[in-house]
Amino acid sequence: MSAPAGTAGSGFSLRDWGSSLFWTLAESVTAILLAVVVGGIGITLFSGFLPNNHPAFDVGLPFAAYGALWSGAVGSINGIGSTLSYATPLALAGLGVGLGFKAGLFNIGGRGQFLMGSVGAMAVVTVMGPSQNGLITVPLALIVGGLFGAFAGFIPGALKATSGAHEVVTTIMLNYIFVFATYWAISGPLRLPNSPQAITADASAWGAALPTIHIPEVDILGLHLFGADVLGRDAHYGILLAVLALPVIWFLLFRTTLGFEIRAAGANSDAARYAGMKTKQLVVLTMSMAGGLCGLAGATTLLGVVHQMAPGYDTTIGFDAITVALVGRSNPVGIGLAALLFGGMRAGAQTMQISPGVPGELVDALQMFILLFLVINILRRWMAKRPTGGSALTTGAEVAPLAAEVSK
Amino acid sequence: MTGELASVPALEMRGITKRYPGVVANDHIDLDVRRGEIHALLGENGAGKTTLMNILYGLARPNEGEILLDGKTVQIADPSDAISRGISMVHQHFMLVPVLSVAENVVLGAETMARGPFLDRREASKRIAALAAQFGFELDPDARVGSLSVGQQQRVEILKALYRDAQILVLDEPTAVLTPQETDEIFVLLRRLADDGRSIIFISHKLYEVLAIADRITVIRRGRVIGDRKPGETTEAELAELMVGREVELTVDRGASHVGGPMLHVEGLRVTDERKHEIVPGVSLDIRAGEILGIAGVAGNGQDELIEALIGLRKPSGGKVSLDGRDITGCSPRDMNRAGVGYVPGDRHRFGLILSFPVYDNLILTSYYREPYSHGPLRDGAAVAESADAQVARFDIRVPSSNVATSTLSGGNQQKVIVAREFERPLKLLILDQPTRGLDVGSIEFIHKQIIAKRDAGTAVLLVSAELDEVMEISDRIAVIYRGRIVAELDGRTADKSAVGLLMATGGEANPAEEATA
Amino acid sequence: MSGIPDALNAIPVLGIVFQLVGYLLANLDSISNTTVAIAVPITLAALCGVLCERSGVVNIGLEGIMLTAAFVGWFAAAAAAGAIGTGTPSPFFGATLPLIIGVAAAVVAGMLVSLLHAWLSISLRVDQIISGTIINIGAAGITGYMYSLISAQSLVGAGQFEKYVVPQGVVDLPIVGWLINAVLSQGPVGLLTIAIVIFLQVMLFRSRWGLRTRASGEHPRAAETVGIDVIWLRYRNVVASGALAALGGVWLSMEQTGNFNAGMTQGRGFIGLAAMIVGRWTPLGAFGAALLFASVGGFSQSLTISHPTGNLGDLINLVPGEFWEALPYIITIVVLAGFIGRSIAPAADGVPYERESAS
């Protein structure tokens, strides 16, 4: 029963080798490529269901679909703008989930926190009235949105710290509570005055939208570099917030004592407690910060893209953010790259859906296969016969099992 | 007192050898147990008793040797194989499901069935009640196991064995968790089982118990059988000597201590555990600057709770702790750390290190918040790295670089990381919990030297260890803890090992006048 | 209203209680009928959760399993109908061969998805929450993809099962007639669900399988020391539980309606998780919680159909309609946090089991 004392030498073992940057990247790339192959097989298999008597088992269709996906994502200035715009909330919410992972917390509450962030931002817009100065209200709305999201994260954090209720279950339940709270807000306090329908004000019409990014035409040495007046349909300055948040969270995690405490509590909360860290307070704080980031995702989406909330206002960001954080290995750099990848896929999906007519849900299926191949750790299973125990794709920390430790 | 002795032993283990990487846990152990016999296996923690029994129970496979049941060689593949051969084990940590009833726990895995897939609960309860009555105790088959006392839970474990008609019953430290009264009761029960013709293997390191209950005693030390005795033909003193050994150990020159003024003063400290049991009913001790106080005691006599109270993880329920004249009773771990208390935890993987972190982060795990490692809320990575390199060199931690994950280090080097971290700064009090457990000889020697050096720098050192050798080797004074009380204090240089062993095992209540001071 | 209730209205609290009772009695039929129906898929999802978690495997992929089964069942039935024709509905719940093929396909699909979860979480010891998330994302993506393709084909489903019609004589029985009607006027899955609840409740607490399951979820090592193969037992439970969630999917796409829609589970898997928790990981408790949740739904539906009048109506107007929909989740959090009668998970729930190696 008692494990013999560790007698490993001081040399590198295969495991450390595997955790090096190269292997991490190789694993991710392998998983993505495999997912693409499996997705392609799926496209071919069901190509007969496409309209206009599309030939069955069309081997060429995956190439057309992925080509459209690619060109839709990065093939034009418009596409790039759209990709960035999709990547923005993914990066913010991905950071929210990843930060939780680093602290050993599994935040499934991204959906509710996103919605609360939207509600908070909309509340500011509503209070400020039809003619407002965007320079004041937009930052204020972003801040309030972040705070609303933080509050939505604070609740499961506080529940865990005080009663031990596991955050996975409480955040799932809170998601639905916030969905209904959002519907209520839309039909009640945030309703556009004198509107017959349950609908909020249009932030853009009231002057409170995040401005769209305009790129002037640039000719350098006769080369026509940028031609589009507007960078993508939805590209807005909220992108800057994500661009800012990535290094800020990285800095927090790896350059501050608080970040050290968060990572320590996530990796071994007993040792953190013995080292004098206040692990319960860290849980509350981290969940609040995670909620705040997801809230910002909601606020930027509202102010930058959607502008208006109507019944049915909802998001799949909560689960997408889990994928982003997992593929990005909970590291801000990785999360940024993963957000671009999945943002690009979402942007390209629209093109793909129009041109070869392959449904956009392909992107969700690809997401699933990427995750699946990552968790079963296919590359390492091929490359090395290492005694496989757990999976290499972890949340970056030890997320506590749902139940307390087995009593002796 | 002895049961009937058949010609063929019920169990015979011949030349059992079990090697783990770097350790020989069992070295050609021979053991034979007869029908109707209570056979004690006596040895210190880590002597190899549990490994031997795990081999018998199919939880581990020996590298060499054979097992004979009733004279026939058998291979025991796994626990269910052992059970089907009539071997049952009562684990030290009970293998009971707290939310299930007594009857459910007893029948689990050997269910009495009614028709179809259904359990025959009535029949099971009847059999359980009959078995309990046969051996003279009572248990409500419908009671939830979690609501039973520890003594009753143990009886459930024994019932599990009887329900499977076990002929050989292994009890691993069965009295470790019992009150004296419960201990007496279990002894009566064990004797009845033996009189019924069953063989009992009783694992213990408590001398008086072994003498009280066993028909035969086999003493194991460092994986080898040292002696075979009968209770009538031996004494506690002889058993203690066999158990802890006499040979001169590789000792560190502890030098003369230059004792300074009083540093740690503990008065009437009381500590309770999660279940509100008072584990430490009142400990008083003093350590002066430049002195090592070793606390000797059998594991589970309140050492863990005492330490947790002293480092701030557990609020004492009474008493006073002061350090260098300052009252620090009930301070948080961080405040203790600030006050100059260093701590090397016993379970380094769980409490001492974050294995997935690089070595340099573990080297500052308890001091990351202070200069030069951080300035306000910001970490100073350069300072951390610089200090890490210095400490790696100073404490001879064998790593390719200080940014490898700590999990890749050997046990000795991992422990050196903790020692380097805690010893690096000036300390008033250093608390060491089993600082050399599971380490190789070289690392042990190195760490002992560091402890002596720290002492000579004027730190008060509190060393807690279940390994008597270690306490004897480097302590200036030795305090023996027994059931949460200090029962004796002895001079570390003159104390007699078997006398200390006896105090550890018995509490020495027969002779309280033995208290000697340095 | 006559004199006495009018007088009672002067005492607001009591008056409102009386009005509430009156309102409930008046609308009992509609509330109770919708309640049992709403509760069916929630119960099936919760039972799937009970089976998994009692043996020590957390399953948040209930939603995905249900959705997959709902699609596969509907699609298989539609394809079968296309190939062999719908045939005439049998008197047995209007079952047709394509529908039965659909049910079989749905159950197999649910068990296969569960097998994936079992493999990931038991054998590979992947974080069980991640595994469940993969299943949820994948199910939404793949069924959504297929639905998008097929909806362009205007593929017609194979219809749906019919409900059992309770004889009018029974419905008219005084006092219990409405109850019997509410419980029994179900399709085959609805009726089967009630049977499964009772069956599982008995099995879990009276059979050898149940005892071993509970032991594996509480203290797997103790189970292993008495010779129980914990890994194998968890596999069997998780895979079998997939069939239950699959029946929930069948109910959605072949009993309640005859159609499949993208994301048609609409969070029922997660409500099932909640019902399992509030029901304290017992089949009967989960059913009770599902009924409670559903009755809140039935009540709020009834409010929109016939809004109460008087003080009660005024009071209910103060409560946003969304509150009723959020209530099940609020109850679950309250129960989880231990504010009222704490609900405690099996001790080894979500803890991957690693066998002691007999090296």
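Here the structure is a predicted model, which means the values were calculated and not measured. Within every chain, numbering begins at 1; the chains are lettered A, B, ... in the order of the sequence lines, protein sequences first and strands thereafter. Side-chain atoms are counted along with the backbone in the values below, which use heavy atoms only and exclude waters and symmetry mates.
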Enquirer: Testing the 3.5 Å rule here: is there a donor-acceptor pair between the side chains of Y368(B) and E261(A)?
Expert: yes
Enquirer: Give, as side chain, backbone, both or neither, the part of I311(B) having an atom under 4.5 angstrom from any heavy atom of chain A.
Expert: side chain
Enquirer: Heavy atoms, side chains only, cut-off 4.5 Å: are M277(A) and L365(B) in contact?
Expert: yes
Enquirer: Got a donor-acceptor contact below 3.5 angstrom from the N268(A) side chain to the H349(B) backbone?
Expert: yes
Enquirer: Nearest 0.5 Å please: distance from the CG atom of L253(A) over to the CZ atom of R379(B).
Expert: 11.0 Å
Enquirer: Quick one: what part of F251(A) sits under 4.5 Å from any heavy atom of chain B, side chain, backbone, both or neither?
Expert: side chain
Enquirer: Restricting to non-hydrogen atoms, name the atom on A271(A) and the atom on G352(B) that form the minimum distance, rounded to 0.1 Å.
Expert: CB-N, 4.5 Å
Enquirer: What are the two closest heavy atoms between P333(B) and G276(A), and how far apart are they?
Expert: CB-CA, 3.8 Å
Enquirer: Using non-hydrogen atoms only, which part of D361(B) is less than 4.5 Å away from chain A: side chain, backbone, both, or neither?
Expert: both
Enquirer: Specify which of A264(A), G259(A), S269(A) makes the most heavy-atom pairs with chain B at under 4.5 Å.
Expert: A264(A)
Enquirer: For Y57(B), look at atom OH and say whether over 12 heavy atoms of other residues, nucleotides or ligands are found less than 6.0 Å away.
Expert: yes
Enquirer: Looking only at heavy atoms and a cut-off of under 4.5 Å, which of T366(B), L313(B), D335(B) has the most pairs with chain A?
Expert: L313(B)
Enquirer: Given a strict heavy-atom distance threshold of 4.5 Å, which part of E308(B) is in contact with chain A: side chain, backbone, both, or neither?
Expert: side chain
Enquirer: Where does Y343(B) contact chain A at under 4.5 Å (heavy atoms): side chain, backbone, both or neither?
Expert: side chain
Enquirer: Would you mind reporting whether R350(B) and Y274(A) have side-chain heavy atoms less than 4.5 Å apart?
Expert: no
Enquirer: When rounded to the nearest 0.5 angstrom, what is the spacing between CG in L353(B) and CG in D270(A)?
Expert: 13.0 Å
